Colleague: 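Provided herewith is a single structure, encoded as structure tokens, for subsequent inquiry.
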Amino acid sequence: MFWTVLKIVLFLAIVAGLVLGVEALTNQEAGLRIAIANTEFTLGPVQMAIAAILLVALLWVLMKLVGLLVATLRFINGDDTAISRYFERNRRKRGLNALTDGFLALASGDGDRALNKGRRAESLMEEQTLTNLLIAQAAQAKGNTQMAEQYYKRLLDDDRARFVGVQGLMAQQIEAGNDTKARKLAETALSLRPGHAPTQDRLLALQNQAGDWPGARKTLLETSRTGRLPKPVYKRRDAVLTLQQAAAEEAKGNTQVAQDLAIEANKESPELIPAAAAARALANRGKPNPASKVIRRAWKAQPHPELAQAYAAIAPDETAAQRATRFEWLLSTVPGPEAQMTRAELLIAAEDFPGARRAIGTLHETHPTQRVMTIMAAIERGEGSPDAVVRGWLARALIAPKGPQWVCDNCAHEHASWQAICGHCGAFDTLSWKETADTSGPSATGTEMLPLIVGALPPAEAEAAEAETIDPEPEAPAREVEEPATEAPDATTEDADIAGEKPQDPKAGNTQSADPGADSEDPKVIDLAQTRRMGL
């Protein structure tokens, strides 16, 4: 606002000054007297000003005529291009002005003006490299891909502009979704300038998307040679690409090649969790000790269920008890939730359910996850607990946090398994094994009420008494006798539960209270707070 007012004031001041100057000259009586060859001219003040302007114009025309005269003399002396150069200088100056205006318009986002100025410069200038670039970029900004491609191809004829032309064509193919052509153009561009960082990154991304793992490894090596990647980062990324190449070879049926690549990936990055595939390769080749060493080193870096699976595959014929004993050394190296859950699962497989309960400890309280709740349900089932108790744990598993997942560091998208490229944002080597945001708690669909519907967990002090009330007969081992599946409650039973009444037992024919000391005919009111503590 201030500058606008200032410009207006300056304009009015200039106009006022000119008016005052003309008025002063008009009021002047003195003039200019010129005598030429006995002829005398007398000019007034206004006439003097007009004469001065005409004199300046005359001098400018005279200078142009002198330049043309000099060019004509040079042409007479044998310079065939003297006159053409004289006129060309003026055209070139106007062309440069149009070219400058065009690039400025392109930078400001005005594609129409940039294209018009580019066409103007093209008609005035003999050198067409910059005009071709301006028109190509202006046409691309307007969305005229056909014209942009035409002018980008013109740049290929100039050695200085060939790289820029290939880059423009590559960008067009990427925008059009032609990844195969874009990858070939990126390879051509990189051959023209091997050290160009953006082209290296673009080519690597295109090769990853196409599954060209050998080509991606070659590009990564060239990137490392330019000094852009530290050596540890290069080794890890090369190991990731090697693992992807091993998976591709395995899919083709080249098992031997896939095993060699997996072992190579593990040598480059031993701490990489997916490199545990090398352990399976070593085990398949009859080398259990090196395979165990690979797993142990990766487990020390970060415990993971895939490592436990690979460690179990080393000795597939061992018994469950032998496997639990063999795993003890591995699990004791890095204590934590993963070790507790793995130990509990091994003891469940060995049917040592009290040992599994001791192994899991208080993990269901301190670090509740879906996996922990499922393990607790398996322990309860193995110990012969009522179906209501087992269903209570499974219901808690539905609303418990997922636990550690493969999560992309770039977009926070979760993946079911590890992969080199994020399936959501396409980023390379961004998946990490970590906890996701805790989304447990009350839900819009009332999922947190599932334990009250399908079964609640009894308090620890009343668990034995309730088990005797429900099943007075001696329990058989869980592996020999399976309890009959509980039928789903009908609408009458659900209404009775909501009203606080105990449903009728169709076999007994009478109403049985959950509390042996309570009156069988009186309705029992559910304490929601206590029940929620037991079931959630």
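Side chains are part of it too, since the values below use all heavy atoms of this structure and drop only hydrogens, waters and symmetry mates. From a predicted model like this one, the values you see are computed outputs, not experimental measurements.
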Colleague: Taking the side chain as everything from C-beta on, heavy atoms only, tell me whether Tyr152 gets closer than 4.5 Å to Gln172.
Modeller: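 Side chain of Tyr152 against side chain of Gln172, heavy atoms only: contact under 4.5 Å found.
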Colleague: Kindly say whether Thr319 contributes a backbone atom to a donor-acceptor pair with the side chain of Gln322 at under 3.5 angstrom?
Modeller: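 Confirmed, Gln322 side chain pairs with Thr319 backbone.
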Colleague: Atom CD in Glu380, atom CG in Leu394: separation rounded to 0.5 Å?
Modeller: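 Result: 10.5 Å between the selected atoms.
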Colleague: Output the distance between atom CD1 (Ile375) and atom CD1 (Ile379), rounded to the nearest 0.5 Å.
Modeller: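 The CD1 atom of Ile379 is 7.0 Å from CD1 of Ile375, to the nearest 0.5 Å.
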Colleague: For the residue pair His304 / Gln309, report whether a side-chain donor-acceptor contact shorter than 3.5 Å exists.
Modeller: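 Gln309 vs His304: no donor-acceptor pair found between side chains.
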Colleague: Any chance you could lay out the side chain to side chain contact (heavy atoms under 4.5 Å, CB included) test for Lys231 and Ser224, step after step, and finish with the verdict?
Modeller: CA-CA 7 Å; Lys231 191 173 182 180; Ser224 176; over 6 Å; no
Colleague: Can you check side chain to side chain contact (heavy atoms under 4.5 Å, CB included) on Cys422 and Asn410, steps first, answer last?
Modeller: CA-CA 9 Å; Cys422 175; Asn410 188 42; over 6 Å; no
Colleague: Please tell me whether Glu383 and Ser385 have a donor and an acceptor in their side chains that are separated by less than 3.5 angstrom.
Modeller: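 The criterion, which ignores hydrogens and geometry beyond distance, is not satisfied for Ser385 and Glu383.
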Colleague: Could you give the distance from CG (Leu398) to CD (Gln370), rounded to the nearest 0.5 Å?
Modeller: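 Output value for this atom pair is 7.5 Å.
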Colleague: Within the supplied structure, the quantity of interest is the number of heavy atoms (other residues, nucleotides, ligands) at a distance under 6.0 Å from Glu175 CD; does it exceed 12?
Modeller: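 Open.
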Colleague: Please determine whether a side-chain nitrogen of the Lys or Arg among Asp387 and Arg381 lies less than 4.0 Å from a carboxylate oxygen of the Asp or Glu.
Modeller: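 Between Arg381 and Asp387 there is a salt bridge, with a charged N closer than 4.0 Å to a carboxylate O.
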Colleague: Start with the C-alpha gap between Leu169 and Glu149, add the side-chain angles, then the distance that decides, and say whether side chain to side chain contact (heavy atoms under 4.5 Å, CB included) holds.
Modeller: CA-CA 6 Å; Leu169 294 173; Glu149 182 179 359; 3.8 Å; yes
Colleague: So do Lys117 and Leu99 actually touch side chain to side chain, heavy atoms under 4.5 Å?
Modeller: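 When only atoms from C-beta onward are counted, Lys117 and Leu99 do not touch, as no gap falls below 4.5 Å.
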Colleague: Taking atom types as modelled and ignoring hydrogens, do the side chains of Gln128 and Thr131 form a donor-acceptor contact shorter than 3.5 angstrom?
Modeller: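 Note: Gln128 and Thr131 side chains meet the donor-acceptor criterion.
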Colleague: With a 6.0 Å cut-off (strictly less than), is the heavy-atom count around NZ of Lys267, excluding the residue itself, greater than 12?
Modeller: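 Open.
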Colleague: Is a donor on one side and an acceptor on the other found under 3.5 Å between the side chain of Asn144 and the backbone of Met147?
Modeller: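 Yes: the side chain of Asn144 pairs with the backbone of Met147.
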Colleague: List the atom of Trp433, the atom of Pro305, and the distance in Å for their closest heavy-atom pair.
Modeller: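 Closest approach of Trp433 to Pro305, heavy atoms only: CZ2-CD, 3.8 Å.
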Colleague: Using 0.5 Å steps for rounding, measure from the CD atom of Glu264 to the OG1 atom of Thr242.
Modeller: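 Between atom CD of Glu264 and atom OG1 of Thr242 there are 5.0 Å.
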Colleague: Taking NZ, NE, NH1 and NH2 as the nitrogens, is one of them in Glu268 or Lys235 under 4.0 Å from a carboxylate oxygen of the other?
Modeller: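 Salt bridge: no.
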Colleague: Please determine if Arg160 and Glu127 form a salt bridge, counting it only when a charged side-chain N lies under 4.0 Å from a carboxylate O.
Modeller: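 Yes, charged N to carboxylate O under 4.0 Å.
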Colleague: Please confirm whether the ring centroid of His364 lies under 6.0 Å from the ring centroid of Trp393.
Modeller: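 Centroid separation for His364 and Trp393: below 6.0 Å.
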Colleague: Nearest 0.5 Å, what's the CG-CG distance between Leu431 and Asp409?
Modeller: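 The CG atom of Leu431 sits 7.5 Å away from the CG atom of Asp409.
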Colleague: Looking only at non-hydrogen atoms, find the nearest pair between Gln167 and Met170 and report the distance.
Modeller: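 Of all heavy-atom pairs spanning Gln167 and Met170, the closest is OE1-CE, 2.9 Å.
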Colleague: Can you give me the closest heavy-atom contact between Ile295 and Ala310, atom names plus distance?
Modeller: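 Heavy-atom minimum between the residues: CD1-CB, 3.6 Å.
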Colleague: For residues Arg357 and Met376, determine if any side-chain heavy atom of one lies less than 4.5 Å from a side-chain heavy atom of the other.
Modeller: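 Sidechains of Met376 and Arg357: in contact.
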Colleague: With side chains defined as the heavy atoms from C-beta onward, is the minimum distance between Arg113 and Asp101 less than 4.5 Å?
Modeller: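 Yes, their side chains come closer than 4.5 Å.
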Colleague: Are side-chain heavy atoms of Leu331 and Leu346 found at a separation under 4.5 Å?
Modeller: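 They are in contact (side-chain heavy atoms under 4.5 Å apart), so the answer is yes.
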Colleague: Any idea which heavy atoms bring Ile348 and Ala356 closest together, and the distance?
Modeller: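 The answer is CG1-CB, 3.7 Å.
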Colleague: Can you tell me how far the CD1 atom of Ile399 sits from the CE atom of Met373, to the nearest 0.5 Å?
Modeller: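 Going from CD1 on Ile399 over to CE on Met373, the span is 8.5 Å.
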Colleague: Answer whether the closest heavy-atom distance between the side chains of Tyr234 and Leu221 falls below 4.5 Å.
Modeller: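 A side-chain contact exists here, since the closest heavy-atom pair is under 4.5 Å.
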Colleague: Determine the minimum heavy-atom distance between Thr199 and Ala186, stating which atoms define it.
Modeller: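 What the structure gives for the nearest pair is CG2-O, 3.8 Å.
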Colleague: Identify the two heavy atoms, one from Thr333 and one from Trp299, that lie closest to each other, and give their separation to 0.1 Å.
Modeller: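 For Thr333 versus Trp299, the nearest heavy atoms are OG1-CD1, 3.6 Å.
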Colleague: State whether the side chain of Asp352 and the backbone N or O of Gly355 hold a donor-acceptor pair below 3.5 Å, judged by distance alone.
Modeller: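 Answer holds: yes.
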Colleague: May I ask you to test the Arg396-Arg391 pair for a side-chain heavy-atom distance under 4.5 Å?
Modeller: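 A side-chain contact under 4.5 Å is absent here.
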Colleague: Would you say CZ of Arg217 has more than 12 non-hydrogen atoms from neighbouring residues, nucleotides or ligands within 6.0 angstrom?
Modeller: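 Above 12, so yes.
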Colleague: Among Glu345, Gln340, Glu338, find the residue that satisfies the side-chain hydrogen bond (donor to acceptor under 3.5 Å, both in side chains) test when tested with Thr342.
Modeller: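 The residue from Glu345, Gln340, Glu338 that satisfies side-chain hydrogen bond (donor to acceptor under 3.5 Å, both in side chains) with Thr342 turns out to be Glu338.
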Colleague: Sub-3.5 Å donor-acceptor pair from the side chain of Asn116 to the main-chain atoms of Asp112, do we have one?
Modeller: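 Flag set: sc Asn116 to bb Asp112 pair under 3.5 Å.
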Colleague: Under the 3.5 angstrom rule, does the side chain of Gln207 hit a backbone N or O of Ala216 as a donor-acceptor pair?
Modeller: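 Answer holds: yes.
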Colleague: Take Arg228 and Asp201, measure what salt bridge (charged side-chain N to carboxylate O under 4.0 Å, His left out) needs, and give me the verdict at the end.
Modeller: CA-CA 11 Å; Arg228 292 181 54 227; Asp201 296 339; 3.0 Å; yes
Colleague: Do Glu222 and Lys218 meet the salt-bridge criterion of a basic N to acidic O distance under 4.0 Å?
Modeller: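 So Lys218 does not pair with Glu222 through a salt bridge.
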Colleague: Do any N or O atoms from the side chain of Arg323 and from the backbone of Ala315 form a donor-acceptor pair under 3.5 angstrom?
Modeller: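 Yes: the side chain of Arg323 pairs with the backbone of Ala315.
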Colleague: Cation-pi check for Tyr311 against Arg326: NZ or CZ below 6.0 Å from the six-membered ring centre and within 45 degrees of the axis, yes or no?
Modeller: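 Verdict for Tyr311: a cation-pi partner in Arg326.
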Colleague: Do the side chains of Glu435 and Pro404 get nearer than 4.5 Å, heavy atoms only?
Modeller: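 Pro404 reaches Glu435 side chain to side chain.
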Colleague: Closer than 3.5 angstrom, by distance alone: can the side chain of Asn97 be matched with the main-chain N or O of Lys93 as a donor-acceptor pair?
Modeller: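 Side chain of Asn97 to backbone of Lys93: a pair is present.
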Colleague: Checking Leu204 against Thr223 for the side chain to side chain contact (heavy atoms under 4.5 Å, CB included) test, could you report, in this order, the C-alpha distance in whole Å, the side-chain angles of both residues, the deciding distance, and whether it holds?
Modeller: CA-CA 10 Å; Leu204 184 62; Thr223 304; 5.7 Å; no
Colleague: Determine the sole option in His424, Lys402, Gln405 for which the side-chain hydrogen bond (donor to acceptor under 3.5 Å, both in side chains) test with Glu414 is passed.
Modeller: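 Checked His424, Lys402, Gln405 against Glu414; only one passes side-chain hydrogen bond (donor to acceptor under 3.5 Å, both in side chains): Lys402.
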Colleague: Is the distance between the ring centroids of Trp406 and His413 under 6.0 Å?
Modeller: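 No, the ring centres sit 6.0 Å or more apart.
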Colleague: Thr129 and Asp158: side-chain donor and acceptor closer than 3.5 Å?
Modeller: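 Judged by distance alone, the side chains do pair up.
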Colleague: Looking at Arg183, I want to see if its CZ is surrounded by more than 12 non-hydrogen atoms of other residues, nucleotides or ligands under 6.0 Å.
Modeller: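 Yes, CZ of Arg183 has more than 12 neighbouring heavy atoms, counting only those of other groups under 6.0 Å.
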Colleague: Under a 4.0 Å threshold between the charged nitrogen and the carboxylate oxygen, would Lys184 count as salt-bridged to Asp179?
Modeller: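 So Asp179 does not pair with Lys184 through a salt bridge.
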